[in-house]
Amino acid sequence: MLSSDVTDTRDTTTGTAAALSARSGRPAPRSASAVLLRLVMAAVAAAFIVPLLVMLSASFSEERQLNEHGYALWPRGFTLDAYRFVLENSEQLVRSYAVSVVVTTVGTTASLLIMSLMAFALSRPDFRLAKPLAFLVLFTMIFNGGLVPLYIVITRYYQLQDTIWVLILPYLVAPWYVLLLRTYFKGLPADLFDAARIDGAGELRTFWSIVLPLSKPALGAVGLFVILQYWNDWWLGLLYIQDRSLMPVQLLLYRVGSSIDFALANPALAGQAGDIPVQSARAAIAMLAIGPIVLAFFFLQKFLIKGITLGGVKD
Amino acid sequence: MRTRTDAQRASRRSRRRQAVRRELLYLALCAPGLVALILFNYVPLFGVVLAFKNFRPRRGIWGSENVGFDNFAYLFAGDAWRITRNTVAMNALFIVATLVVALTLAILINELRDRSPLLTKVTQSAMFLPFVLSWVVVAHLATAFLDARSGLLNQLLDLVSLPAVNWYAEPSYWPAILTSVDLWKGVGFWVIVYLAGILAINPSLYEAASLDGASRWQQTRRITLPLILPLITINVLLSVSKVFNADFGLFFQVTQNSPALYPTTDVIDTYVYRALTTTGDVGMAAAAGLYQAVVGLVLVVGANWYVRRRSADNALF
């Protein structure tokens, strides 16, 4: 692998240089620095992956070995005990998984729909209220009342604590994404809208069959950020959820991690007290909590990158 | 243009009626979003009066007694300095570290790009992966390194015969630890932002430079850096405008909310959370929150004003 890379670079400096450097218009450097560059970058990549590998290895390790020798890159005494334990004993885990899946699916769908409808209206040149309403959206980005008023309003006046809604509603509208979508919609060719109007399409029709299909990159990117937001959330749960049957996965992981007592006191987790594989079980739950998002990551990475470029450079 | 003749044929009244109808339709499309914003952003704004009240749950927000600036006086006599210092100093550390590391990595990836597409792809994905993890998971990963008994760091110290450190009880190490964790989780995002900026640079500039005999380093210094300076400026200014808002997940989860670490890790957000949930001092928590929101507003508006002066297109508003 490495040797073939080296010959690659030699080729670059001699023969095929023109072809390779045509893309950037820059000549390739000598092979020594190229090899060094590769080594450095491989090390950097490893630095980002190693913590995950350590956790993965812990989830396959024997609890006794973990206690004695600590964490390692390679599992000590390979076993599936932690997973078996977590999956057999924990109705809670299944329950929490279900909560997270429901919240993420419903939340993401609703959020995308609401935000893009709003962004569409705000992007229309003939909407006279667009400017003041856009300011209303923007203002929430620069000033808010802070945690305490929000907490009191949600718990005392809306009475949303310990309902599934409290995990969904507060994240429905993210002002930044509304403005981002609006900018994207504004950039769509105006002729298309005129043509649609002539063909007799109403605004909703235009939105559904012209704007949405043309905005897949923006919707994909925003959608992914929203998915991350919902799946990874533990904060709303921490504040507003006492009822264990509504505890999302990340919050469960936090509770299990924050106190061994919780694992022991949790009737679902407490098999025979003392036998509980605390550290490896935590690692296993962490792996299970990561699972879906890492899968999503591999499929959707492209969109995420597009989204960042969209938000970071173009906007 | 055909629309205009169509429209001219229609009577003026029906045209106006159509316009009103369209206006109402747009408003209806905005409605669900507006309702959500009003419920979760605007209604709570009235709650800032809590900062000036001695909150009694039984009497509600409006019934509680007014105490003027007492909550602020109490806050500033006590912890305000510590939490402000921690919030600002840690954020400043993050901004500098992120900028330096992200820029370096973006430039290196750009160098690697033509030569090893595979390694480029792997590195980029690896850097980006932590970005999708939750803070709870990141906190768990951190314990694998920092746990006093079984953590990897202490194993390493043991290997070179140094005494083990109880990381979760030593505040002095935490600025460095939190900066590393913040970098690990977030830097991949910024690498992509800067890489996109670099890729947008016209390649013919590099061609010309290399014909004139400029080395890679000279090209980086004279072409890449100056040309992405606007991007850097905007990103830094935007982060500066958020300097008063700490990442709660980082400071709460990764430190395991360990009281021993508060001297260096307690920030405004964790303080407010604790005042609200643990000590139950709602008035002071609200005061601290308002202090944060007002200074945050000043910083955002200031940063935006500065960006706008430099290039209006990049301003937030």
Side-chain angles (χ1 to χ4, degrees), chain A residues 5 9 20 23-29 34 37-38 41 44-45 48-49 51 54-55 66 70-71 114-115 117-118 120-121 124 127-128 133 138 140 142-153 170 172-173 198 203 228 232 234 250 253-254 257 286 289-290 293 297 305 308-309 312-313, chain B residues 2-3 23 25-27 29-30 32-33 36-37 40-41 43-45 47-48 50 61 108 111-112 114-116 119 122-123 125-127 129-130 132-134 136-137 140-141 144 150-152 155 189 192-193 196-197 203-204 206-207 210 216 272 276 282 285-286 289-290 292-293 297 300 317:
Chain A
D5 281 354
T9 356
L20 271 176
R23 242 189 310 160
S24 66
R26 311 171 73 179
L37 177 66
R38 279 164 208 222
M41 292 319 267
V44 168
F48 282 89
I49 297 295
V54 169
M55 193 45 66
L66 266 182
Y71 289 91
I114 290 173
M115 290 198 297
L117 280 173
M118 196 176 190
F120 172 66
R124 304 303 283 137
F127 185 25
R128 267 174 295 171
L133 290 183
L138 184 84
T140 61
I142 59 179
F143 189 78
N144 61 68
L147 168 64
V148 180
L150 181 65
Y151 179 84
I152 288 179
V153 165
L172 271 185
V173 178
I198 293 165
E203 296 294 325
L228 285 185
N232 282 341
W234 47 275
Q250 307 288 341
L253 181 62
Y254 167 69
I290 291 177
I293 212 73
F297 167 77
I305 290 175
I308 293 176
T309 323
V313 180
Chain B
R2 223 177 296 153
T3 36
E23 199 86 359
L25 175 70
Y26 288 143
L27 200 59
L29 297 184
C30 284
L37 283 180
F40 293 99
N41 290 284
V43 172
L45 281 186
V48 298
L50 278 168
I61 293 182
L108 288 180
E111 295 292 318
L112 188 68
D114 314 319
R115 282 184 272 298
S116 180
L119 185 58
V122 169
T123 315
S125 298
M127 283 179 191
L129 182 57
V132 304
L133 304 180
S134 75
V136 188
V137 168
H140 272 67
L141 300 185
S150 44
L152 281 173
Q155 288 181 46
F189 180 96
I192 289 169
V193 170
S204 60
Y206 293 107
E207 243 165 82
S210 66
R216 308 290 289 207
V272 171
L276 176 69
V282 174
L290 184 57
Q292 180 179 35
L297 175 71
V300 173
F317 46 88

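From a predicted model like this one, the values you see are computed outputs, not experimental measurements.
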- Query: Any idea which of Leu133(B), Val122(B), Val43(B), Leu27(B) has the most non-hydrogen atom pairs under 4.5 angstrom with chain A?
  - Reply: Leu133(B)
- Query: Which class fits the ring pair Tyr26(B) and Phe120(A): parallel under 30°, tilted 30 to 60°, perpendicular over 60°?
  - Reply: perpendicular
- Note on the structure: Interface check, chain A: of Gly289(B), Ala36(B), Ser125(B), most non-hydrogen pairs under 4.5 Å belong to Ser125(B)
- Query: Distance from Phe48(A) atom CZ to Thr123(B) atom OG1, nearest 0.5 Å?
  - Reply: 10.0 Å
- Is it the side chain or the backbone of Glu23(B) that comes within 4.5 Å of chain A heavy atoms, both, or neither? both
- Query: Closest heavy-atom contact between Ala45(A) and Ala126(B)?
  - Reply: O-CB, 3.7 Å
- Item | Pick from Thr140(A), Ile305(A), Ile114(A) with the largest number of heavy-atom pairs that fall under 4.5 Å of chain B | Thr140(A)
- Interface moiety of Leu108(B) toward chain A, non-hydrogen atoms closer than 4.5 Å: both
- Task: Output the distance between atom CG (Leu150(A)) and atom CG (Asn41(B)), rounded to the nearest 0.5 Å.
- Result: 8.0 Å
- Query: Between Leu45(B) and Gly145(A), which heavy-atom pair has the shortest distance, and what is it?
  - Reply: CD2-N, 3.4 Å
- Return yes if some donor-acceptor pair links the side-chain N/O of Asn144(A) with the main-chain N/O of Ala293(B) below 3.5 Å, else return no. no
- Message: To the closest 0.5 Å, what do you measure between CD (Glu111(B)) and CE (Met41(A))?
- Response: 10.0 Å
- Item | Structural part of Pro32(B) lying under 4.5 Å from a heavy atom of chain A | both
- Item | Gap between atom CD1 of Ile293(A) and atom CG of Leu129(B) - 0.5 Å precision | 10.5 Å
- Message: Within this structure, what is the CG-OG distance for the pair Leu228(A) and Ser134(B), rounded to the nearest 0.5 Å?
- Response: 10.5 Å
- Leu253(A) and His140(B): which non-hydrogen atoms are nearest, and at how many Å? O-CE1, 3.5 Å
- OG on Ser116(B) to CG on Leu37(A), rounded to 0.5 Å: 9.0 Å
- Residue pair Tyr71(A) / Leu152(B): nearest heavy atoms and the distance that separates them: O-CD2, 3.3 Å
- Query: Top residue by heavy-atom pair count (under 4.5 Å) with chain A, among Leu112(B), Val282(B), Leu290(B)?
  - Reply: Leu112(B)
- Query: Between Gly33(B) and Met118(A), what is the shortest heavy-atom contact and its length?
  - Reply: CA-SD, 3.8 Å
- Message: Less than 4.5 Å to any heavy atom of chain A: does that hold for the side chain of Leu50(B), its backbone, both, or neither?
- Response: side chain
- Task: Locate the shortest heavy-atom distance separating Met55(A) from Ala144(B); write the atom from each residue and the value.
- Result: CE-CB, 4.2 Å
